[in-house]
Amino acid sequence: MKLFKSRDIVVHAEGAAMLADAVKRIAQPSRRAFLERSLTLGGLSLLTGCSTGDQDSIEQALSGISRLNDRVQGLLFDPARLAPTYPASMITRPFPFNAFYGEEEVRQIDGEAWRLELSGMVADRKPWTLARLRALPQQDQITRHICVEGWSAIGKWGGVSFGHFLRHVGADLSARYVGFQCADDYFTSIDMATALHPQTLMALTYDGQPLPPRYGFPMKLRMPTKLGYKNPKHIQAIFVTNTYPGGYWENQGYNWFGGS
């Protein structure tokens, strides 16, 4: 039975296979809550007879719909559509700290010694210093950070257009993924369309000042078109690839596309 069709992509019901074994394996309640909130475009109503209260039948269903969401969000993403911007009077002060660890564990990185490593489908793989990044054309944005936990905050970020940077180093723009490795052991990846979006920023400043350690010094990726967990901090390596790279939270069941 065909359940969904868009641009020649047809999603078939996985039926009993998706309703088989369960949420008994879900150790983190927050993960299940996230997935249940993320079931867009009809969510579990696509699965006839699936009950969100059935502890023995839901995990595979959630994972299947999560994969469906990734495909649909990719199809619906408009690389030319801008996220809302705001006046300086609306900046959230103080802007919240968020990470998978406590603020007392924030990494302290030597900006003089730091180098941004490039690999994969990139023509010019020479490492970048912070000074070289600061010498590229800079831009600012005041945009909203949306956290999967249910809160949001508005901040002012400044830095280098990521699309400009990728073109500058000769990245293969037909590649499917761009991945990030971070000094705090975080890792994630995004689609190339989002990487080239005009508001995707290699953030070097916050509110007109050098990026503080709590916000990701020396460089983070700021994407107002993505949920917060897709915005990596303390980036030390970028790679371009056609092989699915996953991510820290994505490998634990969070939606990979992560659109806001």
Side-chain angles (χ1 to χ4, degrees), residues 95 97-101 103-143 145 155-226 228-243 245-248:
F95 190 88
F97 168 80
N98 65 296
F100 66 102
Y101 47 82
E103 191 169 353
E104 69 280 359
E105 300 177 67
V106 168
R107 304 304 192 269
Q108 302 296 321
I109 297 172
D110 182 352
E112 293 297 321
W114 175 84
R115 297 292 183 272
L116 176 64
E117 304 291 337
L118 303 178
S119 62
M121 301 165 69
V122 178
D124 184 355
R125 301 182 185 179
K126 291 191 295 291
W128 280 70
T129 65
L130 189 54
R132 282 187 71 200
L133 284 177
R134 288 172 173 165
L136 292 176
Q138 307 285 303
Q139 62 185 49
D140 292 326
Q141 62 175 249
I142 301 178
T143 51
H145 172 105
K156 181 180 180 181
W157 310 91
V160 179
S161 162
F162 192 39
H164 173 82
F165 178 79
L166 290 174
R167 293 180 176 93
H168 186 82
V169 299
D172 185 342
L173 304 185
S174 69
R176 297 181 64 186
Y177 308 108
V178 182
F180 307 90
Q181 296 283 344
C182 306
D184 59 1
D185 299 322
Y186 195 74
F187 63 102
T188 190
S189 55
I190 61 173
D191 56 296
M192 183 59 77
T194 298
L196 299 176
H197 188 275
Q199 289 175 305
T200 298
L201 195 69
M202 301 171 76
L204 305 174
T205 68
Y206 180 75
D207 204 12
Q209 301 298 319
L211 195 65
R214 69 194 303 264
Y215 299 151
F217 181 85
M219 189 265 286
K220 72 165 287 174
L221 200 69
R222 172 61 193 145
M223 297 175 288
T225 60
K226 296 285 193 185
Y229 68 89
K230 298 298 294 186
N231 290 243
K233 303 188 291 187
H234 311 291
I235 296 171
Q236 59 184 10
I238 297 173
F239 58 96
V240 178
T241 180
N242 279 324
T243 302
Y248 179 87

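These numbers were taken from a predicted model, which means no experiment stands behind them. Computed over heavy atoms, backbone and side chain alike; hydrogens, waters and symmetry mates excluded.
Looking at Met192 and Asp172, their side chains never come closer than 4.5 Å, going by heavy atoms from C-beta outward. When side chains are defined from C-beta on, Pro210 counts as touching Arg134, because their heavy atoms get closer than 4.5 Å. Counting heavy atoms from C-beta on, the side chains of Leu116 and Met202 come closer than 4.5 Å. A heavy-atom distance below 4.5 Å is found between the side chains of Leu118 and Ile238. Residues Lys226 and Asp191 are in side-chain contact: their nearest non-hydrogen atoms beyond the backbone lie under 4.5 Å apart. In this structure, the side chains of Asn98 and His145 come closer than 4.5 Å at one or more pairs of heavy atoms. For the pair Gln236/Ile109, no side-chain contact is recorded, criterion being any heavy-atom separation below 4.5 Å from C-beta on.
Residues that satisfy the ring pair (Phe, Tyr, Trp, His ring centres under 6.0 Å) test with Tyr248, not counting sequence neighbours, are Phe100, Tyr186. Residues passing the ring pair (Phe, Tyr, Trp, His ring centres under 6.0 Å) test with Phe217: none are found, sequence neighbours excluded. The side chain to side chain contact (heavy atoms under 4.5 Å, CB included) check on Thr143 picks up Thr85, Gln141, Trp157, Gln199, Arg222, Pro224, with sequence neighbours excluded. Under the rule for a salt bridge (charged side-chain N to carboxylate O under 4.0 Å, His left out), the partners of Asp185 that lie at least two apart in sequence or sit in another chain are Arg107. The side chain to side chain donor-acceptor pair (under 3.5 Å) search around Asp110 returns none, not counting sequence neighbours. For Gln139, there are no side chain to side chain donor-acceptor pair (under 3.5 Å) partners two or more places apart in sequence or in a different chain. Applying the side chain to side chain contact (heavy atoms under 4.5 Å, CB included) rule to Glu104 yields no partners; only residues at least two apart in sequence or on another chain are considered. Annotation: side chain to side chain donor-acceptor pair (under 3.5 Å) contacts of Asp184 (sequence neighbours excluded): Tyr101. With sequence neighbours excluded, the residues that form a side chain to side chain contact (heavy atoms under 4.5 Å, CB included) with Arg132 are Trp128, Thr129. Partners of Phe187 by ring pair (Phe, Tyr, Trp, His ring centres under 6.0 Å), not counting sequence neighbours: none found. With sequence neighbours left out, Lys230 forms a salt bridge (charged side-chain N to carboxylate O under 4.0 Å, His left out) with Glu250.
The minimum heavy-atom distance between Pro213 and Val106, with the atom names listed, is O-CG1, 3.4 Å. Between Gly155 and Phe95 the shortest heavy-atom distance is N-CE1, 3.8 Å. Heavy atoms only, all atoms of each residue included: Phe162 and Ile190 are closest at CE2-CD1, 4.5 Å. Minimum heavy-atom separation, Ser174 to Asn242: O-OD1, 4.3 Å. In this structure, Leu133 and Gln138 approach most closely via the heavy-atom pair O-NE2, 3.1 Å. The heavy-atom pair separating Leu130 from Gly111 by the smallest distance is CB-O, 4.1 Å.
Between the side chain of Thr205 and the main chain of Gly158, a donor-acceptor pair closer than 3.5 Å is present. Listed for the Asn231 side chain is a donor-acceptor partner under 3.5 Å among the backbone atoms of Met223. Looking only at distances, a side-chain donor or acceptor of Ser189 sits under 3.5 Å from a matching main-chain atom of Gly246.
If you take NE2 on His164 and CG on Leu201, they are separated by 12.0 Å, rounding to the nearest 0.5 Å. Between the OG1 atom in Thr241 and the OH atom in Tyr177 there is a gap of 8.5 Å [rounded to 0.5 Å]. In this structure, CD1 in Ile235 is found 5.0 Å from CG in Leu221, a value given to the nearest 0.5 Å. Interatomic distance, Ser161 OG to His168 NE2, rounded to the nearest 0.5 Å: 12.5 Å.
Within 6.0 Å of CD in Glu112 there are 12 or fewer heavy atoms belonging to other residues, nucleotides or ligands.
Residue pairs meeting the side chain to side chain donor-acceptor pair (under 3.5 Å) criterion with at least one partner in residues 206-221, sequence neighbours excluded, are Arg93-Asp207, Glu103-Arg214.
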